[in-house]
Amino acid sequence: MSILIALSLAAASPPIADIPQPVEFRDWIAVCNNLRDCEAIAAKPDTAQGSNWTLVVKRRAAASDKPEISATPSFDFYEKPTTIRIDGRKTHFALDKAGYLVSEPMAFLKAIARARSAQVIGEDGQVLGDLPVMGATASLRWIDDRQERVGTITAMVAGGTKPASAIPPPPRAPSIAQPDPSDAPARVLKPNDIAEIQKAGDCSRPVGKEAFFRLDANHSLGLIPCVLGAYQGFSMVVIVDEAGDWSFAPLEQPRKLDSTYRPIEPWMYSGVATAHFDSEKRILSEFARGRGLADCGQAAKWAWDGELFRLASFNEMRECRGTPPGDWPSLWVTENAQLSVAE
């Protein structure tokens, strides 16, 4: 297939998924996905190693779900039990050696919401670092609102007397219908086709071996090496039909591509970082680090619906603040892909 034909097939921009967006309140970032599962991350902008800790609050949407709280030093790990000091006073709040809160979470969050300062204390009484508290009240209240807990006994800070039964059940995860699988071998492109793809995709450093997978009776998937960066590789994703013709794969985007630095070209919608394809589930995945530390970045999964790859899950941490590597909040979930990035 010629480059012009391939580009014409990808000329129309793929759809943009309607995913929830994170919000920032001072040192806190809050986000809820489409199932109303929420997360708040308290982390200061880039600071010296060990001077600050990241506090993470996760809460699922069901009325009975309680917050799960953990803390870890920025850009580092600490594997011993600790306690929390708030506004210069000792408290009964404690973290186990894995960094998870072992105290009553609601009492802890209410204390953090009122606090002017909070510190993590080691077993010897040494101050190990500070927990960010600026923005805590607004972030927790925002989550209470998104989970429809405001005015109920389950709210973290915006509580009231309404029973837990006043909270509506979480929405059901959407499902992407996939065509029947096929046992036929995947269509494989010839070297001149691969060279055309790499030229059309502006692939400056194509390193590695191309791979092909069967999608359904009429389509195969090709992962073509494109660029090898400092800490991750990028591949061009193409669709190959039964005649052996290829086109750039249409991937539903989590948001519009940024055109600040250069015009958007069709092939840019089909570039994937650290691409992987699960042949059994027919799920294409991306793990894109914002930088080598992986304290920021995005992870996406797509499911093939017979015409395009629909966004099956999306996790993202926009701010590089020394948070746990790859532990990025969930913004979008479907029945096709419900596992977290770490899993």
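Heads up: numbering here begins at 1 and tracks the sequence. Reckoned from all heavy atoms, side chains included, excluding hydrogens, waters and symmetry mates.
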**OP:** For atom CD of Q21, decide whether the heavy atoms of other residues, nucleotides or ligands shown that lie under 6.0 angstrom number more than 12.
**Re:** yes
Original post:
Got a sec, which pairs hit salt bridge (charged side-chain N to carboxylate O under 4.0 Å, His left out) with one end in residues 211-221, sequence neighbours left out?
Top reply: R214-E242
**OP:** State the CG-OG distance between L228 and S235, to the nearest 0.5 angstrom.
**Re:** 10.0 Å
Subject >> Closest non-hydrogen atom pair between G201 and F248, with its separation >> reply: N-CZ, 4.3 Å
Subject >> Other residues, nucleotides, ligands: >12 heavy atoms within 6.0 Å of Y231 OH >> reply: yes
Original post:
Transitively linked via ILVMFWY side-chain contacts under 4.5 Å: W246 with W302?
Top reply: no
**OP:** Would you mind listing every salt bridge (charged side-chain N to carboxylate O under 4.0 Å, His left out) that reaches into residues 15-40, with sequence neighbours excluded?
**Re:** E24-R321, D27-K44, R36-E148, D37-R60
Original post:
Quick one: disulfide (SG to SG under 2.5 Å) pairs with a partner in residues 74-173, sequence neighbours left out?
Top reply: none
Subject >> Sub-4.5 Å side-chain heavy-atom contact between Q298 and R318 >> reply: no
Original post:
If you take all heavy atoms of L189 and I194, which pair is closest and at what distance?
Top reply: O-CD1, 4.1 Å
Original post:
S175 versus N336: any side-chain heavy-atom pair under 4.5 Å?
Top reply: yes
Subject >> Heavy-atom check, side chain of P67 versus side chain of L109, under 4.5 Å >> reply: yes
Subject >> Separation between CG of D245 and CG of D193, rounded to the nearest 0.5 Å >> reply: 8.0 Å
Original post:
Does some side-chain heavy atom of T54 sit less than 4.5 Å from a side-chain heavy atom of P324?
Top reply: yes
Original post:
Between atom OG1 of T334 and atom CZ of R172, what is the distance when rounded to the nearest 0.5 Å?
Top reply: 12.5 Å
**OP:** Fit a plane to each ring of F213 and F277, take the angle between them on a 0 to 90° scale, and name the class: parallel (under 30°), tilted (30 to 60°) or perpendicular (over 60°).
**Re:** tilted
Original post:
With a 4.5 Å limit on heavy-atom distance, are the side chains of I84 and L131 in contact?
Top reply: yes
Subject >> NZ/NE/NH1/NH2 to OD/OE distance under 4.0 Å, D305 and R282 >> reply: no
Subject >> For the student: nearest non-hydrogen atoms of I167 and Q147, plus distance >> reply: CG2-O, 3.7 Å
Original post:
Within a strict 4.5 Å, meaning less than it, do heavy atoms of the T82 and D96 side chains meet?
Top reply: no
Subject >> Spatial distance of atom CZ (R149) from atom CD1 (I153) [nearest 0.5 Å] >> reply: 10.5 Å
Original post:
By salt bridge (charged side-chain N to carboxylate O under 4.0 Å, His left out), which residues pair with E210, not counting sequence neighbours?
Top reply: none
**OP:** Sort out for me which residue in L311, N33, N315 forms a side chain to side chain contact (heavy atoms under 4.5 Å, CB included) with W332.
**Re:** L311
Original post:
Do L215 and I224 belong together in a cluster built from hydrophobic side chains that touch within less than 4.5 Å?
Top reply: no
**OP:** State, with a plain yes or no, whether a side-chain heavy atom of M317 is found less than 4.5 Å away from one of P329.
**Re:** yes
Original post:
Taking all non-hydrogen atoms of both residues, which atom of P22 and which atom of L331 are closest, and how far apart?
Top reply: CD-CD2, 3.9 Å
**OP:** Tell me, with the steps shown, if V102 and F93 meet side chain to side chain contact (heavy atoms under 4.5 Å, CB included).
**Re:** CA-CA 7 Å; V102 295; F93 303 125; over 6 Å; no
**OP:** Could you grab the distance from atom CZ of R291 to atom SG of C320, nearest 0.5 Å is fine?
**Re:** 4.5 Å
Subject >> ILVMFWY cluster, M268 and M236 together (side-chain gap under 4.5 Å) >> reply: yes
Subject >> CA sep, side-chain torsions, deciding dist, call: L223, V237, side chain to side chain contact (heavy atoms under 4.5 Å, CB included) >> reply: CA-CA 5 Å; L223 298 180; V237 185; 3.9 Å; yes
Original post:
Taking all atoms of both residues into account, what is the closest heavy-atom pair of D241 and R187, and its distance?
Top reply: O-CG, 3.7 Å
Subject >> Pair E79 + K97, salt bridge at N-O below 4.0 Å >> reply: no
Original post:
Restricting to pairs with a member in residues 168-221, which pass disulfide (SG to SG under 2.5 Å), not counting sequence neighbours?
Top reply: C203-C226
Subject >> Atom pair CD1/CD1 of I29 and I41 - distance to nearest 0.5 Å >> reply: 6.0 Å
**OP:** Would you kindly confirm whether V133 and L95 end up in one hydrophobic cluster when ILVMFWY residues are joined by side chain heavy atoms under 4.5 Å apart?
**Re:** yes
Original post:
If Ile, Leu, Val, Met, Phe, Trp and Tyr residues are connected whenever their side-chain heavy atoms lie under 4.5 Å apart, and connections chain through other members, are V31 and I19 in the same group?
Top reply: yes
**OP:** Taking the six-membered ring for Trp and the full ring for Phe, Tyr or His, determine whether the centres of F309 and W304 are under 6.0 Å apart.
**Re:** yes
Subject >> Least distance between heavy atoms, C32 atom then I143 atom >> reply: SG-CG1, 4.5 Å
Original post:
For residues 106-122, which residue pairs qualify under salt bridge (charged side-chain N to carboxylate O under 4.0 Å, His left out), counting only residues two or more places apart or in two chains?
Top reply: none
Original post:
Between F314 and K301, is any pair of side-chain heavy atoms under 4.5 Å apart?
Top reply: no
**OP:** Quick one: do M156 and R59 satisfy side chain to side chain contact (heavy atoms under 4.5 Å, CB included)? Show the steps, please.
**Re:** CA-CA 10 Å; M156 293 181 288; R59 193 175 196 182; 3.4 Å; yes
